[in-house]
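What you see is a predicted model; the values in this text were computed from it and never measured. Throughout, a chain's letter reflects where its sequence line sits, starting with A, and its residues are numbered from 1. Computed over heavy atoms, backbone and side chain alike; hydrogens, waters and symmetry mates excluded.
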Amino acid sequence: MEQKLVIYNTITRKKETFEALHPPFAGIYVCGPTVYGDPHLGHARPAITFDVLFRYLDFLGYKVRYVRNITDVGHLENDADEGEDKIEKKARLEKIEPMEVVQYYTDRYHLFMDKLNVLKPSIEPRASGHIIEQLQLIDKIHEKGFAYEKNGSVYFDVEAYSRKNHYGKLSGRVLDDLYANTRDLDGQGEKKNSFDFALWKKASPEHIMRWPSRWSEGFPGWHLECSVMSTKYLGEVFDIHGGGMDLLFPHHECEIAQNVAAEGKESVRYWMHNNMITINGQKMGKSLGNFITLEELFTGSHKVLAKAYSPMTIRFFILQAHYRSTLDFSNEALSAAEKGFERLMDAYKNIEKIPVSDNSSLNLTDLRTKCFEALNDDLNTPILISHLFEAVRIINSSIAGNEKINKEGIDELKKLFGDFAFNVMGLVAEGSSSGNQILSDVIELMLNERLEAKKRKDFESSDRIRNKLTALGIEIKDTKDGFEWKLKN
RNA sequence: GGUCUCUUGGCCGAGUGGCUAGGCAGCGGUCUGCAAAACCGUGUACAGCGGUUCGACUCCGCUAGAGACCUCCA
């Protein structure tokens with residue numbers, strides 16, 4: 001590949017050619033979930049977006065280390081750095097240990113990521129497993145004069161930091177605006193400025209998750225974990241940091257501030273942010289209560305869902321939009337994605353049926369080049385998919401006899417799907433046979449009966465069998481000398 | 001209120017200063033006993049108003065509408 005992957009870097013607001021710091025190695029850090037609730041459609045977007053990045057870098061030959069964390073402590077219910085820890089709150093409500101909450105929802109997250117065919121990251125560190133490192137980072141920041149202690153809690157001193165650095169660089173903010181616009185919330189009494197953020201919080205008496213430190217018995221601030229775990233596993237400076245756009249401010253901004261305060265330099269070379277999934281034009285999120293969990297999606301058990309949608313339908317749906325665009329949820333869009341995905345997969349299966357010609361009327365090398373161009377242009381999966389539909393057209397036209405294609409062409413088509421649809425985009429053909437031999441045999445028996453009836457021109461019988469099987473969810477296609485069938489869901 | 005983004009044909013959703021996105025749905029045709037699938041054909045889409053330009057959906061300005069962040073959120 002002469003041409004290179006170009007990615008949109010949030011911090012420079014430009015598309016930039018990706019140059020790994022230490023090729024052939026590439027390091028990616030992505031903010032994972034706070035495990036206090038069931039994973040929802042919103043969680044699927046960054047997971048799938050950065051899964052594709054992970055897969056593509058690997059495909060290009062990089063040795064990728066992909067770190068995606070689990071936040072299991074320190075993420076507070078509402079800010080001003082007050083309020084209850086999200087996980088503790090859930091534990092209190094359900095009368096279980098906080099770590100039981102963590103374990104349960106971590107397992108749930110993994111379960112649904114597996115269903116979506118999201119690869120496991122190379123390392124999945126937990127915030128609670130890195131308390132010592134977080135305390136070390138606080139000490140460094142404090143020594144450099146960018147933190148202050150108050151009543152056993154430690155806060156980052158944004159004003160001090162801003163004398164020499166630009167706090168707000170990533171999100172495009174200036175401190176004066178923050179002075180003017182930060183809302184006055186209760187409980188910021190300890191902080192010098194409302195926009196200062198907690199590095200360490202002293203635990204209140206009822207707080208369960210607490211660790212000893214020289215400041216107090218307490219727990220770390222939310223932003224600290226990512227600064228610590230990214231650099232611990234990827235190095236003081238590393239390639240790519242990803243996450244949802246909603247984390248841009250304050251989370252990622254604070255991460256930069258912490259790293260620069262401690263080490264005097266930024267750690268991240270390329271920042272990538274996926275956009276939000278919306279429902280009726282509004283962001284799908286916890287606070288609005290308008291989110292749909294992945295389980296509800298896969299089972300159709302949410303009131304806004306017309307039906308269940310399979311994991312691959314969801315994956316395909318997400319990949320049909322560019323990751324930096326908002327993507328609006330609707331039943332119409334989902335069922336369109338479902339049908340489109342089915343067409344794509346059917347065509348792949350039908351490659352076997354293409355009659356082999358001696359010569360080829362097509363140039364498939366161009367198509368392959370175009371697929372690379374799409375991915376190299378900031379992971380433009382919608383364009384990539386449109387090229388795969390061109391391959392679909394070629395396959396179906398060849399079977400219909402409108403195009404000619406030789407053995408090499410057929411192999412190239414298979415490779416195109418193998419590389420781009422399956423390997424890079426992580427799609428998989430979902431089961432269409434019954435998986436049950438006896439059931440399959442019975443269906444074949446019925447369809448052979450129908451074939452006999454058709455030969456007798458007993459169309460009344462043949463149609464009756466077809467209608468009844470269709471009603472049972474078996475899709476039948478007649479072919480020249482027989483039939484094909486598959487189970488619908 | 002501050003900062004920023006978006007507005008594409010029935011729906012979803014790419015993209016570009018002049019050249020077909022794609023999917024789903026619709027319409028016409030071919031094939032089929034019929035249907036399904038498939039194939040072929042089919043849509044004067046780029047919020048509105050000005051400006052720059054030989055030429056703008058694409059650049060600039062204004063107007064209208066929607067959204068995001070500024071508080072936890074992927």
Nucleotides 29-40 of chain B: protein proximity per nucleotide (B base, S sugar-phosphate only, - neither; heavy atom, under 4.0 Å): ----BBBBSSSS

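The separation of B/C70 from B/C54, taken at their C1' atoms, amounts to 46 Å, rounded to a whole angstrom. Distance check on atom P: B/U63 versus B/C27 gives 44 Å, rounded to whole Å. Of the P atoms belonging to B/C60 and B/U53, the separation is 16 Å, rounded to the nearest Å. Atom P of B/G15 sits at a distance of 23 Å from the matching atom of B/C69, rounded to the whole Å. Separation of the C1' atoms belonging to B/G9 and B/U5 is 23 Å when rounded to the nearest angstrom. One P atom belongs to B/U32, the other to B/G23, and the distance between them is 26 Å to the nearest Å. Going from the C1' atom of B/U16 to that of B/C46 covers 12 Å, rounded to whole Å. Comparing B/G61 with B/G29, their C1' atoms sit 49 Å apart, to the nearest whole Å.
To the nearest angstrom, P of B/G23 lies 21 Å from CD1 of A/I314. Protein atom NE2 of A/H252 is 14 Å distant from nucleotide atom C1' of B/C69, rounded to whole Å. Taking atom CH2 of residue A/W271 and atom P of nucleotide B/C69, one finds them 18 Å apart after rounding to whole Å. Protein atom CD1 of A/I383 is 11 Å distant from nucleotide atom P of B/A21, rounded to whole Å. At whole-Å resolution of the value, CE in A/M284 and P in B/C69 are 14 Å apart. A/D196 places its CG atom 17 Å from the P atom of B/C70, with the value rounded to the nearest Å. The NE2-C1' distance, from A/H322 to B/A21, rounds to 15 Å in whole Å. One atom, CD of A/E253, and another, P of B/U71, lie 13 Å apart when rounded to the nearest Å.
Between A/F249 and A/Y167, the ring planes are perpendicular. Angles over 60° get that label, and only those under 30° would be called parallel.
Of the candidates A/K192, A/K191, A/E190, A/E190 is the only one forming a side chain to side chain donor-acceptor pair (under 3.5 Å) with A/Y155.
Nucleic acid contact class of A/N275 (heavy atoms, under 4.0 Å, all strands): base. Residue contacts for A/M276: at a heavy-atom cut-off of 4.0 Å it reaches a base atom on one of the strands shown. Nucleic acid contact for A/H40: base, since at least one base atom lies under 4.0 Å from a heavy atom of the residue. As judged by a 4.0 angstrom heavy-atom cut-off over every strand, A/L327 is placed among residues touching the sugar-phosphate backbone only. Looking at heavy-atom distances under 4.0 Å, A/L248 makes no contact with the nucleic acid at all. Base engagement by A/G42 is indicated by at least one non-hydrogen atom pair under 4.0 Å involving a base atom.
The side chain of A/S325 lies closest to B/A14, out of B/A14, B/A21, B/A74. Picking from B/A14, B/C11, B/A74 the nucleotide with the shortest atom distance to the side chain of A/P382 gives B/A14. Among B/C69, B/A25, B/G23, the nucleotide with an atom closest to any side-chain atom of A/F249 is B/C69. Among B/A14, B/A74, B/A25, the nucleotide with an atom closest to any side-chain atom of A/K339 is B/A25. Set against B/A25, B/A68, B/C69, the side chain of A/Q282 has B/A68 as its closest nucleotide.
The existence of a salt bridge linking A/K486 and A/E430 is excluded, since no basic side-chain nitrogen approaches an acidic carboxylate oxygen closer than 4.0 Å. Using a 4.0 Å cut-off between charged side-chain N and carboxylate O, A/R173 and A/E253 make no salt bridge. For A/K477 and A/D346, the salt-bridge test passes: some basic side-chain N is under 4.0 Å from an acidic carboxylate O. A salt bridge links A/R108 with A/E295: the distance from a Lys NZ or Arg NE/NH1/NH2 to an Asp or Glu carboxylate oxygen falls below 4.0 Å. Under the 4.0 Å criterion applied to side-chain N and carboxylate O atoms, A/R55 and A/D419 are not assigned as salt-bridge partners. The residues A/E88 and A/R210 are annotated as not salt-bridged, no charged nitrogen and carboxylate oxygen being separated by less than 4.0 angstrom.
Judged by Watson-Crick or G-U wobble contacts below 3.5 Å, the nucleotide B/U42 has B/G26 as its partner. If you check B/C69 for Watson-Crick or wobble pairing at under 3.5 angstrom, you find it paired to B/G2. Pair assignment for B/C19: none, as no Watson-Crick or G-U wobble contacts are both less than 3.5 Å. In this structure, B/A14 makes no Watson-Crick or G-U wobble pair, since no nucleotide meets both defining distances under 3.5 angstrom. Base pairing analysis places B/A64 opposite B/U7; the two distances defining the Watson-Crick or G-U wobble pair are each below 3.5 Å.
Position along RNA chain B of the nearest nucleotide to A/I385 versus A/K283 favours A/I385 as the more 5'-ward residue. Residues A/R173 and A/D377 each lie close to RNA chain B; by heavy-atom proximity, the contact nearer the 5' end of the strand is made by A/D377.
Scanning all heavy atoms of the two residues, the minimum distance from A/C31 to A/H241 falls at SG-CE1, 3.7 Å.
Taking the side chain as every heavy atom from C-beta outward, A/S128 and A/M209 never approach each other to under 4.5 Å.
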